[in-house]
Amino acid sequence: MNPYLWDDLINGSFVPAKDNVLLVGDSAGMLFPTTHEGIGPALKSGIMAAESVIQVLRGQGKAEGPYLRKIGEIKTVLVELQLMTKKLGDAAKKGADAFLGSMVELFERTINE
Ligand SMILES: Cc1cc2nc3c(=O)[nH]c(=O)nc-3n(C[C@H](O)[C@H](O)[C@H](O)COP(=O)(O)OP(=O)(O)OC[C@H]3O[C@@H](n4cnc5c(N)ncnc54)[C@H](O)[C@@H]3O)c2cc1C
């Protein structure tokens with residue numbers, strides 16, 4: 001079962017890190033909307049978590065700080081994909097070609113990530 005946490009992650013009501021405990025991938029709500037591609041963001045956030053741990057091992061503080069900053073990049077993509085998903089309904093009202101075009105755009109954006 002895939003978690004649907006996009007909105008909570010984007011609006012900040014769900015924060016996927018506390019001190020040195022960092023959630024990545026699906027558990028952090030990073031599964032992409034509509035396409036449900038989650039391998040890319042899972043790998044990317046895993047690397048970001050590892051980088052954050054290394055960063056604090058070399059310095060001071062908790063890993064949550066650098067990690068939450070780094071995943072801002074993934075949250076930006078999620079916002080973009082959410083907007084594209086919301087536009088699918090409008091495209092569908094314009095007809096099959098418009099809907100197909102919007103779906104292709106959404107899949108291409110996901111694949112590029
Ligand atoms: C049917 C299906 C098809 C999919 N197809 C695609 C696709 O084509 N492309 C794509 O990008 N994404 C796809 N996804 C989504 C993708 O699989 C996930 O987004 C991705 O695997 C998330 O990786 P993760 O490491 O966050 O979580 P997971 O891969 O779920 O790894 C979490 C691991 O933690 C383990 N675990 C859970 N609880 C505990 C516990 N208490 N103690 C110890 N271990 C625990 C689980 O057994 C699991 O091995 C698909 C998902 C499904 C369900």
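The basis for the numbers below is simple: all heavy atoms, side chains too, and nothing from hydrogens, waters or symmetry mates. For ligands, and for the atoms within them, numbers begin at 1 and follow the listed sequence. Numbering starts at 1 and runs along the sequence shown.
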What pairs of donor and acceptor atoms, side-chain ones from residues 104-112 against any protein atom, are under 3.5 angstrom apart with sequence neighbours left out?
{"from": "R109", "atom 1": "NE", "to": "E80", "atom 2": "OE1", "distance (Å)": "3.4"}
{"from": "R109", "atom 1": "NE", "to": "E80", "atom 2": "OE2", "distance (Å)": "2.6"}
{"from": "R109", "atom 1": "NH1", "to": "E113", "atom 2": "OE2", "distance (Å)": "3.2"}
{"from": "R109", "atom 1": "NH2", "to": "E80", "atom 2": "OE1", "distance (Å)": "3.2"}
{"from": "T110", "atom 1": "OG1", "to": "L106", "atom 2": "O", "distance (Å)": "2.9"}
{"from": "N112", "atom 1": "ND2", "to": "E108", "atom 2": "O", "distance (Å)": "3.3"}

By number and element, which atoms of ligand 1 are closer than 4.0 Å to a non-hydrogen atom of [X]?
X: G25; result: 26 (O)
X: L31; result: 15 (C), 19 (O)
X: D26; result: 18 (C), 19 (O), 22 (C), 26 (O)

* Based purely on interatomic distance, does G38 place a nitrogen or oxygen under 3.5 Å from a nitrogen or oxygen of ligand 1? -> yes
* **Sub-3.5 Å N/O-N/O distance, I39 and ligand 1** => yes
* Structure fact -> Which of T85, L88, D90 passes side-chain contact (heavy atoms from CB on, under 4.5 Å) with S102? It is L88
* Structure fact -> Min over M30, H36, E37 of heavy-atom distance to atom 14 (N) of ligand 1 lands on H36
* Show your reasoning for whether side chain to side chain contact (heavy atoms under 4.5 Å, CB included) applies to K18 and K62. => CA-CA 8 Å; K18 174 91 174 115; K62 306 287 187 189; over 6 Å; no
* Asked: By side chain to side chain contact (heavy atoms under 4.5 Å, CB included), which residues pair with V21, not counting sequence neighbours?
  ->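 Scan of V21 (side chain to side chain contact (heavy atoms under 4.5 Å, CB included), adjacent residues dropped) gives none.
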* Taking atom CG of N11 as the centre, does the number of heavy atoms from other residues, nucleotides or ligands within less than 6.0 Å exceed 12? -> yes
